[in-house]
Number of protein chains: 2
Amino acid sequence: MSDHDQSPHLSASSRNGNSGDALPPVGEHARQYETVRNAHETELIEDYVELIGDLLQHRGEARAADIATRMGVSQATVSKMIRRLNELGLVTSKPYRSLFLTEEGQKMAETSRARHDIVLHFLRALGVDDHTARIDAEGMEHHVSNDTLAIMQRFIDEHAKP
Amino acid sequence: MSDHDQSPHLSASSRNGNSGDALPPVGEHARQYETVRNAHETELIEDYVELIGDLLQHRGEARAADIATRMGVSQATVSKMIRRLNELGLVTSKPYRSLFLTEEGQKMAETSRARHDIVLHFLRALGVDDHTARIDAEGMEHHVSNDTLAIMQRFIDEHAKP
DNA sequence: TATCATTGTTAGCCATGGCTAAACTATTTG
DNA sequence: CAAATAGTTTAGCCATGGCTAACAATGATA
Ligand SMILES: [Mn+2]
Ligand SMILES: [Mn+2]
Ligand SMILES: [Mn+2]
Ligand SMILES: [Mn+2]
């Protein structure tokens, strides 16, 4: 609970009585929450697959132990998760050997990584410092629609390194 | 699974070999994931409390049935959740009566709502259409640090309604 | 007032994502 | 080669957040 907590950063549009934002129609509102619930279902999977892809690319291999330290969870947790990724057809794994991504796994890794990068670069372009941007991007990435991604990308291109 | 899925929106900085983004140091990386896990623990609570606050403000009362339809979950799910909110000291509830927020609940509702508003208004100011902005904000809000929030607020103020 | 529709609760089920402890396999090293 | 160390898996526990089905209370209305 270090950072992401309460903030009295409200000003202008947020402070002024807030009359501008009524409740959305029920159906729409429900669909918003549903979208978030759906994202939560795939989030972790995506992070694992993305991380495995990154480890393969940068380190040449992806071992369970590395994943455990990188993710900050126990080896048991990783082991269980790998079984699941296997069942989902995203990785192949021989015991005591490096993991590899299937075709499908590679596609997911690429997609997730591209998305992650856009969000990260966008935050930096916005003026967020690198450390914070990395933290925020790791969580935000799973909740950014393609429309918004495209707009973020445009923003990056416009505010490119001067 | 309507929207938030694969996107080949990659361009510029995302496409070009990606050599610019090596793996972060292990400890830092682990702390990123940890922050996300922490956010997930409080997310739902925040959304409930925020919604209850909104219902109280806009409708005068917050009944379990309304929450269930608004959130798109079963009444049983809501009932269980209300018990939890009660145990956490965030709401008071007499059976078959409207819910109310405790002091602490009200604080959380205000904070969450302020944050939610900033993210929503930021997305709109960025150029995201209202419908998409609402969906994205509902998920993103829980993963935006105070630093980033402040920057978003500044962006809103600068790009205010002309 | 008696009935019925709405609202709320409870019980019991399931999947997910954590954990620790214990067992087992591989690799390194004395 | 034997022993120690490192890596992996399995078993069993727990909390969370969904669900359905059955039941209970409230409040409208016939
Ligand atoms: Mn990611
Ligand atoms: Mn992530
Ligand atoms: Mn919210
Ligand atoms: Mn939310």
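Each chain gets a letter, A, B and so on, in the order its sequence line appears, and its residues count up from 1. This structure is a prediction, so every number in the text was calculated from the model and none was measured.
- In this structure, Glu61(A) atom CD and dT27(C) atom P are separated by 11 Å, rounded to whole Å.
- Contact between the side-chain N/O atoms of Ser74(B) and the OP1/OP2 oxygens of dC19(D) is found at a separation under 4.0 Å.
- Atom CZ in Arg37(B) sits roughly 18 Å away from atom P in dT16(C) (whole-Å rounding).
- Ring-plane geometry between Phe122(B) and Phe122(A) is classed as tilted, the angle between the planes lying from 30 to 60 degrees on a 0 to 90 degree scale.
- Note on Arg84(B): a side-chain N or O is less than 4.0 Å away from OP1 or OP2 of dT16(D).
- Side chain of Val73(B), nearest nucleotide from dT9(C), dC19(D), dG18(C): dC19(D).
- Residue Ala76(A) is in base contact, counting any heavy-atom pair closer than 4.0 Å across all strands shown.
- Phosphate proximity of dG8(C) to Arg83(B): absent, as no side-chain N or O sits under 4.0 Å from OP1 or OP2.
- The OH atom of Tyr96(A) sits 18 Å away from the P atom of dT5(D) (whole-angstrom rounding).
- Atom-to-atom, CD of Glu43(B) to P of dA15(D) comes out at 21 Å; the value is rounded to the nearest Å.
- Between Arg97(B) and the phosphate of dG27(D), there is a side-chain N or O to OP1/OP2 separation shorter than 4.0 Å.
- Atoms CD (Glu34(A)) and P (dG17(D)) sit 18 Å apart, rounded to a whole Å.
- Remark: P of dG17(C) and CE of Met81(A) are 5 Å apart, rounded to the nearest angstrom.
- Atom CG in Asn86(B) sits roughly 10 Å away from atom P in dT9(C) (whole-Å rounding).
- Just one of His142(B), His40(B), His143(B) meets the ring pair (Phe, Tyr, Trp, His ring centres under 6.0 Å) condition when paired with His40(A); it is His40(B).
- Residue Ile52(B) is tested with Ile67(B), Asp47(B), Asp66(B), Ile82(B) for a side chain to side chain contact (heavy atoms under 4.5 Å, CB included); the sole match is Ile67(B).
- Contact check, Arg63(A) against dG7(D): no side-chain N or O comes under 4.0 Å of OP1 or OP2.
- For Thr77(A), a side-chain nitrogen or oxygen approaches OP1 or OP2 of dC19(C) to under 4.0 Å.
- Considering Asp130(B), Asp129(B), Asp136(B) as possible partners of Arg124(B), the one that fulfils the salt bridge (charged side-chain N to carboxylate O under 4.0 Å, His left out) test is Asp130(B).
- Residue contacts for Leu44(A): at a heavy-atom cut-off of 4.0 Å it reaches the sugar-phosphate backbone alone, with no base atom in range.
- Atoms CG (Leu99(B)) and P (dT7(C)) sit 14 Å apart, rounded to a whole Å.
- Note: Leu90(A) CG to Tyr48(A) OH = 13.5 Å, rounded to the nearest 0.5 Å.
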